[in-house]
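In what follows, chains carry the letters A, B, and so on, assigned in the order in which the sequence lines appear, proteins first and then strands, with residues in each chain numbered from 1.
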Protein chains: 2
Amino acid sequence: MRGVEIPEIRNIPLFEGMEDESFDLMLKSSYFQRFPPQVQLITEGDPPDFLHIVVDGAVELFAHSNNRETTLAILRPVATFILAAVLKDAVYLMSARTLEPSHVLMIPSENIRAAMVRDHRFSRQIVIELANCYRGVVRAQKSLKLRTGVERLANFLIRIDARGAGDGKVRLLEDKKKLAGLLGMTPENLSRAFGTLKKYGVEVDGNDITLTNLEDLKGLAKPNPLIDDRSI
Amino acid sequence: MRGVEIPEIRNIPLFEGMEDESFDLMLKSSYFQRFPPQVQLITEGDPPDFLHIVVDGAVELFAHSNNRETTLAILRPVATFILAAVLKDAVYLMSARTLEPSHVLMIPSENIRAAMVRDHRFSRQIVIELANCYRGVVRAQKSLKLRTGVERLANFLIRIDARGAGDGKVRLLEDKKKLAGLLGMTPENLSRAFGTLKKYGVEVDGNDITLTNLEDLKGLAKPNPLIDDRSI
DNA sequence: CGACGATTTGAATAGGATCAATGGGAGTGG
DNA sequence: CCACTCCCATTGATCCTATTCAAATCGTCG
């Protein structure tokens, strides 16, 4: 596949500043593929053949142990996954499946490593991307260990409102089952958490949420930039 | 400070393969310092001036929110910390304090970034180190979300036994309060968890633990290489 | 000896999970 | 268009895990 012809790919921040030639070389034997929902893209324990990049749609990262399953993240464009496994050439620690019809770019691991040697700027971008992934997991862990379920939900709502128009009108992109997993609780519990938040001005109508009293909600949630602000 | 003269530092795997000159340049304006226990080395929210490397002793990574505190990791030699913040030049997400008298190498962030541009091999090592850190947090999160407190403790014991002689004689290096925090539970709960594990052949004598029935213990713990095996 | 902190134990509570049952669309096929 | 089915979401009841509060014990260090 040749990449320079597809602006959707060429303009991904990760590739900013790469030479066209270098870029095209890297995209050799890559795939840019559409998947329907619920397709498992990778499986934990497998060795990494490709770096994956979600260009459109949504991908869930999850893991199993003891017959239990947990959602570790839900990725939306543009996001890479399993970068660490690719760089280390070590088996995946997580599995991934599409949640929606998705468009995924897959670049052979070997090409990534070669491009990093060839192209300093790209290497730098990869390092930044990996550092961002790391900080994302650290944030998630802080949230899990320092907050109750209700607090996590409240902060989640505040965060996506701020990322959107900030007018208190919020739309959940994933179904509540997945959201529950992401927030580290059961669906039943999420339902009750929404119930608890009613007193703080959270109105639920299916996947449309309205925050009518952001002050009160923040009073409960106690948002913390070192957990919630993804831009730092 | 000059580094080539201190084998303890020169032989850190992270610096393997670096040119002496390059290495010495990097260690310019670095500090190799001893700290007593309970010294706070960095504070979350502060900008990163130095990459820190624990060469001797033990360092706890922890974080605050809502008046609550949680232990995120306990580092023992040789380990880096806050690497991601240094590479991104972004504020720390965690604080760090010494738990024991410790010897810490501190290298100016700027020097790290410069050395990465100058020295490919070093750059590669840094990337691997960062990827390892990432995978460490992912493992921790899987453990938290997929296991109960008792299971986490059981796996912890199995793991440190395997890392040691594997003869069932295990010594806890940290006090039980810290261990509890690390495992995501309260000290009271850890105490009860040890009580629960008695039936599985776990005998406790202060900080000396004996595992008399590894089979039973593993039956309960269900160890999983994708969580517990840090070498992959 | 006395004080202090760490650890353990007990009792009460809270937070979250599980099990069960119901309501509510969306999609399917007649 | 309607009946049917299926899955998601909600609600209730109950159970279990883990936290909190309180108290007792133990060991160490001055």
| field | From CE (B/M185) to CG (B/L182), nearest 0.5 Å | value | 9.5 Å

| request: Determine to 10° how strongly the helix from C/dC1-D/dG30 to C/dG30-D/dC1 is bent, judged from the axes of its five-pair ends. | output: 30°

| task | Before accepting this row, confirm whether a basic side-chain N of the pair A/K176/A/E188 lies closer than 4.0 Å to the acidic partner's carboxylate O. | result | no

| task | Can you check each nucleotide of nucleotides 23-30 of chain D against protein heavy atoms at under 4.0 Å and return B for base, S for sugar-phosphate only, - for none, in 5' to 3' order? | result | --------

| message | Restricting to side-chain contact (heavy atoms from CB on, under 4.5 Å), what partner residues turn up for B/N11, sequence neighbours left out? | response | B/P7

| query | Are any non-hydrogen side-chain atoms of A/Q40 and A/S95 less than 4.5 angstrom apart? | reply | yes

Review item, side-chain donor-acceptor pairs of residues 201-208 of chain A, under 3.5 Å, at least two apart:
residue : atom : partner : partner atom : Å
A/N207  : ND2  : A/L172  : O            : 3.3
A/D208  : OD1  : A/R171  : NH1          : 2.9
A/D208  : OD2  : A/R171  : NH1          : 3.2

| said: Could you tell me how far apart B/L153 (CG) and C/dT7 (C1') are, to the nearest whole angstrom? | reply: 15 Å

Side chains of residues 127-134 of chain B: which donor-acceptor pairs under 3.5 Å do they make with residues two or more places apart or in other chains?
residue : atom : partner : partner atom : Å
B/E129  : OE2  : B/T80   : OG1          : 2.6
B/N132  : OD1  : A/K88   : NZ           : 2.6
B/N132  : ND2  : B/I128  : O            : 3.4

| Beyond-backbone contact of A/D89 with A/P48, side-chain heavy atoms, under 4.5 angstrom | yes

| said: Could you tell me if B/R97 sits above the aromatic ring of B/F62, with its cationic atom closer than 6.0 Å to the ring centre and no more than 45 degrees from the axis? | reply: yes

| said: As a test of understanding, state which of B/K222, B/R147, B/K218 forms a salt bridge (charged side-chain N to carboxylate O under 4.0 Å, His left out) with B/D228. | reply: B/R147

| remark: In B/S/- notation (B base, S sugar-phosphate only, - none; protein heavy atoms under 4.0 Å), nucleotides 6-20 of chain D written 5' to 3' is --SSSBBB----SBB

